[in-house]
Amino acid sequence: MELLKRAKQLYDVNQILELEHAIEFASTAHADQKRDSGEPYINHPIFVANKLILWGMDIDSVIAGVLHDIVEDTTVSLSTIESLFGGDVAFIVDGVTKVSKASADMENLTNYLPQTKDNLSKLLIAVGQDIRVLIIKLADRLHNLSTLKYKSPEKQQKIARESLEVFGPMADRLGMGRVRLQIEELAFSYLDPVEFKRLKNLVAKRLGKNSRQLQEVHQEVEKTLKEYGIKAEIDSRIKSIYSLYLKLQKYNNNIDDIHDLMALRIIVDRKEDCYLILGILHSLYQPIMISRIKDYISTPKPNGYQSLHTTVITHNKQIVEFQIRTFEMHEFAERGLAASFHYNEQKRTKDYKSGRPSSTLPNNMQWITQLQEVVTKLKNGEEISRDQLQIDLFGNRIFVHSPKGDIYNLPEGALPLDFAYLVHSDIGKHAYSFQVNGKIHPFDKPLQNGDIVEVITRKLSLPKSDWKNLITTTHARNKLRTQLGHLGLMNVIDTSKMIREKTVRNIKRIKIRPRRKK
Ligand code: MN
């Protein structure tokens, strides 16, 4: 079997034996079931396990991938799985089962109504305890999307919409760019097939005209880099239909304004070479706008994406975007968090088992810690509003810096106190005033991406009850509540609905509607 051949290069002999056992066990359990396509059911979990191996996941995840539908779809119980494959595998399978149950009843997160709150809680609790559950769900969703044509039109719409609203953004948040792309393209092709086809044809026409010229640019750059003695891999990437669709809405549907329909990607060994190449490109070609030069290496995107971007006019008057990055950055851009299981399996697995996110999680993954806080609240039976969830989990994120240069990740619209509490609860507690980019900054003015934020503390300065209107994150709210409680100011604290609603209005939400034809 193809899967086992690949697995043998990654896992040791005992792990392979266990994997074989799992496949045998799952084949028997699903023996009398078929997929809607008429295929034997076992093909589905095998596909999922295969993906997990390709993504370099640890063996527990792969085995859980093989077993992921057993508890839900057969008479086999979770305790049987636990006795046969151990507690860790059972824990992950349980999580995947809970997510499936939750999302089966849930229209989608953005429309969720009070009566589905319990399911939403299940989803978050399942995911929050072990991020591997989510990665398995992504593989599962990918296969369900690729066999979507066997479902009824109503089901197709529902699954496609949910994929774009929940699973695409989740993959993006995990930095799994390639998976996000696959999910989005498949889902969008079902959600709006007419528009999908139209854009596809439009892109094909454009590229047909330009691809020979682009080939010349490719060769010219290759030759130049060789002269400088830089070893680089150059390839071209075509913009996905769904991201083109989103971008066109921003640019009044004018495809002439889209300059990154096709981009050239330059991948090198060392970070220094990225900047060197940027310099070389700019001396070879005219960059079209300084604002189009993006240094995501020194300031990564909130999901960890790193690369240099620049758009230039070439000698044959073509506008071309270049993306320059190292192999390591490229690997992360494609595989995201999944990649780190492969590199640092032991450590991470251990930390995730304890139910705590690893303290070595990169800064851009701080949202996982924040997810856990939301989960804890739900577990304690506390109310959490949909709007607060939007802010914490699905809103856009910004990066701000401490004066020392440490990077912190916050939701868009976050206020200075959110930053202070994220740095340390004592910093929040004694916050007296703020300096942003060297200037005094009021408590109620949102931070911007890239801001350098300094918290001025005073030993005698203490939290005030109206601070509850000056924070937006669950994290800060929790800390403040505790501190006010200690100070005897607790009675005034109630979730300040008004402020939250105001903040939410500022948060861009993903809205997917079929485009109206003009
Ligand atoms: Mn499944």
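Along the sequence shown, the residues carry numbers beginning at 1. Keep in mind that this is a model prediction, so the values were computed, not measured. Side chains are part of it too, since the values below use all heavy atoms of this structure and drop only hydrogens, waters and symmetry mates. Indexing begins at 1, ligand by ligand and atom by atom, following the structure's order.
Within the 4.5 Å cutoff, side-chain heavy atoms of Lys247 are placed close to those of Asp260. Side-chain contact between Lys271 and Gln306: absent, with no pair of heavy atoms (C-beta onward) separated by less than 4.5 Å.
Neither side chain, Asn478 nor Tyr421, offers a donor N or O lying under 3.5 Å from an acceptor on the other.
Qualifying ring-ring contact (aromatic ring centres under 6.0 Å, His included) partners for His143, counting only residues two or more places apart in sequence or in other chains: His44, Phe47.
Annotation: protein N, O or S atoms under 2.8 Å of the Mn ion (ligand 1) (waters excluded) comprise His44 NE2, His68 NE2, Asp69 OD2, Asp140 OD1.
Between the CZ atom of Phe85 and the CD atom of Glu18 there is a distance of 7.0 Å, given to the nearest 0.5 Å.
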Walk me through whether Arg265 and Ser236 qualify under side-chain hydrogen bond (donor to acceptor under 3.5 Å, both in side chains). CA-CA 6 Å; Arg265 203 175 260 162; Ser236 50; over 6 Å; no
